[in-house]
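Report on the following structure.
Since the model is a prediction, treat every value here as computed from it, not as a measurement. Lettering of chains follows the sequences in order, A, B, ..., and the numbering in each one begins at 1.
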Amino acid sequence: MTRPRPLPRSFFAGNALEVAPQLLNKVLEHRGRSIRIVEVEAYLGCDDPASHAYRGPTPRTEVMFGPPGHLYVYLSYGIHWCMNIVCGPNRVAGAVLLRAGAPLTGIDEQWAARPAARRRIDLANGPGKLAAALGIDDRHRGLDLCAAQSPVIVADDGVPPPASPMTGPRIGISTAIDHPWRFFVPADPHVSPARRPR
DNA sequence: CCGCCGATCTTT
DNA sequence: AAGATCGGCGGG
C-alpha cells in the first residue's frame, strides 16, 4: 500500500460510464474519516432519462453542467444527502453516484454520524448512509475535489480496481432500467443490500 | 428473514 | 405526485 494521493482532474474528465468502474477501490476522505469505494452508478446527463440532469440545468443540478471533479450533492426523498462526482467534459452533465464503501479511518466519528447502524458493515452500505458516515451534506455542494485545499478528496492508495467488476441495473429508478450501469466489487460485504421497489 | 410504511424536500 | 433512501415495525 503506497501513500494515498489525490486523483487529478483528468481522472474525472472521461465519460461517466468509463470513470465509474475505475472509482472502485479508491479511497474517499473527509476530515479524517475515510472509506474504500465498493459500489457506484453512472449517470449520463442529458441523454439519460434516469439522470437528474436529463431535463437540463436547474438550481439543484447546475453543478453537473460544469467541469469534472466537483461534487453533486442532492437530498433524496427529502431526508438523505447523496453524493456524486461530476464526470466528463464541461457542459456534459455526467456524474457517478457513490453508493457504498468500506469504512477505513475515523471509525468512531462514522459511528457517531450513523447512530442507526448496528454493524460496522452497515456504516456506509448505501448512498445516504455513505454520505452521512462521512459527514457530507449541502455544505459540500459544488466542492472541487481536485482543489489543493479541498476537505474532501478521492485518493489512490495502490489498491487497483477489480479486473472484472460486477455490473447490474441501477437501483431505485423506474426509467432506463435495462442499462447495467451499476458497478460493484465482487463478493464485498459492504455493497448495499438489494431493495425491493415500493 | 421479508414486506409495509412514514419521514420530508425538490422538481414536475 | 413522484422520487438515484432509510429505518422501524409487524408477521412468518
Side-chain angles (χ1 to χ4, degrees), chain A residues 12 15-17 19-21 23-24 28 35 37-66 68 70-88 92-103 110-143 152 154 165-185 189-198:
Chain A
F12 304 105
N15 184 286
L17 255 183
V19 177
L23 278 166
L24 294 176
L28 178 63
I35 60 154
I37 299 167
V38 300
E39 179 184 355
V40 298
E41 283 174 359
Y43 288 85
L44 271 47
C46 296
D47 299 322
D48 178 2
S51 170
H52 291 165
Y54 181 56
R55 297 175 193 279
T58 66
R60 179 175 66 150
T61 64
E62 62 180 347
V63 63
M64 283 195 278
F65 293 83
H70 291 246
L71 278 189
Y72 167 53
V73 178
Y74 73 94
L75 190 57
S76 180
Y77 290 89
I79 307 281
H80 309 287
W81 296 106
C82 295
M83 61 186 299
N84 297 244
I85 303 176
V86 176
C87 293
V92 174
V96 175
L97 172 66
L98 305 183
R99 282 198 56 93
Q110 296 193 39
W111 279 115
R114 290 270 304 116
R118 303 289 193 97
R119 307 172 300 169
R120 180 171 165 137
I121 65 170
D122 295 326
L123 284 173
N125 63 344
K129 302 178 204 177
L130 182 156
L134 289 176
I136 302 299
D137 57 29
D138 58 335
R139 302 187 305 258
H140 304 278
R141 282 187 146 141
L143 185 74
V152 181
V154 180
M166 297 294 290
T167 65
R170 295 173 292 182
I171 304 288
I173 59 173
S174 54
T175 58
I177 55 176
D178 43 331
H179 299 292
W181 292 345
R182 171 178 178 245
F183 302 88
F184 54 102
V185 176
H190 304 91
V191 170
S192 68
R195 289 218 175 220
R196 307 279 174 278
R198 285 259 327 257

Contact check, side chains of [X] and [Y], non-hydrogen atoms, under 4.5 Å:
X      : Y       : result
I85(A) : L71(A)  : yes
Y72(A) : R141(A) : no
M83(A) : L28(A)  : yes

Response to the item:
The Watson-Crick or G-U wobble partner of dT8(B), with both key distances under 3.5 Å, is none

Worksheet item: Does dA4(C) have a Watson-Crick or wobble mate here (both distances under 3.5 Å), and if so which one?
Response: none

Just how far, in rounded Å, is [atom2] of [N] from [atom1] of [X]?
X       : N       : atom1 : atom2 : answer
K129(A) : dA4(C)  : NZ    : P     : 18 Å
H80(A)  : dG8(C)  : NE2   : C1'   : 12 Å
Y54(A)  : dT12(B) : OH    : P     : 13 Å
I171(A) : dA4(C)  : CD1   : P     : 12 Å
I136(A) : dA4(C)  : CD1   : C1'   : 17 Å
D137(A) : dT5(C)  : CG    : P     : 18 Å
F183(A) : dA4(C)  : CZ    : P     : 18 Å
W81(A)  : dT5(C)  : CH2   : C1'   : 14 Å

Worksheet item: Which nucleotide in the set dA4(C), dC6(C), dG7(C) lies at the smallest distance from any side-chain heavy atom of Y72(A)?
Response: dA4(C)

Under 4.0 Å, counting only non-hydrogen atoms across every strand here, what does [X] touch: a base, just sugar-phosphate, or nothing?
X       : result
L97(A)  : base
I79(A)  : base
R182(A) : nothing
R60(A)  : sugar-phosphate
A116(A) : sugar-phosphate

Worksheet item: Is a donor-acceptor pair below 3.5 Å formed from side chain Y74(A) to base dA4(C), judging by atom type as modelled?
Response: yes

It should be established whether [X] places a side-chain nitrogen or oxygen under 4.0 Å from OP1 or OP2 of nucleotide [N].
X       : N       : answer
S174(A) : dG3(C)  : yes
T58(A)  : dT11(B) : yes
H52(A)  : dA4(C)  : yes

Worksheet item: Within 45° of the axis and under 6.0 Å from the centre of the six-membered ring of F183(A), does NZ or CZ of R99(A) qualify?
Response: no

Item to complete: Measure centre to centre between the rings of H52(A) and Y43(A), then say whether the value is under 6.0 Å.
Response: no

Item to complete: Assign each of A117(A) and G78(A) to its nearest nucleotide of DNA chain C by heavy atoms, then name whichever residue's nucleotide is nearer the 5' end.
Response: G78(A)

Worksheet entry | Sidechain N-carboxylate O distance under 4.0 Å for D178(A), R170(A) | no

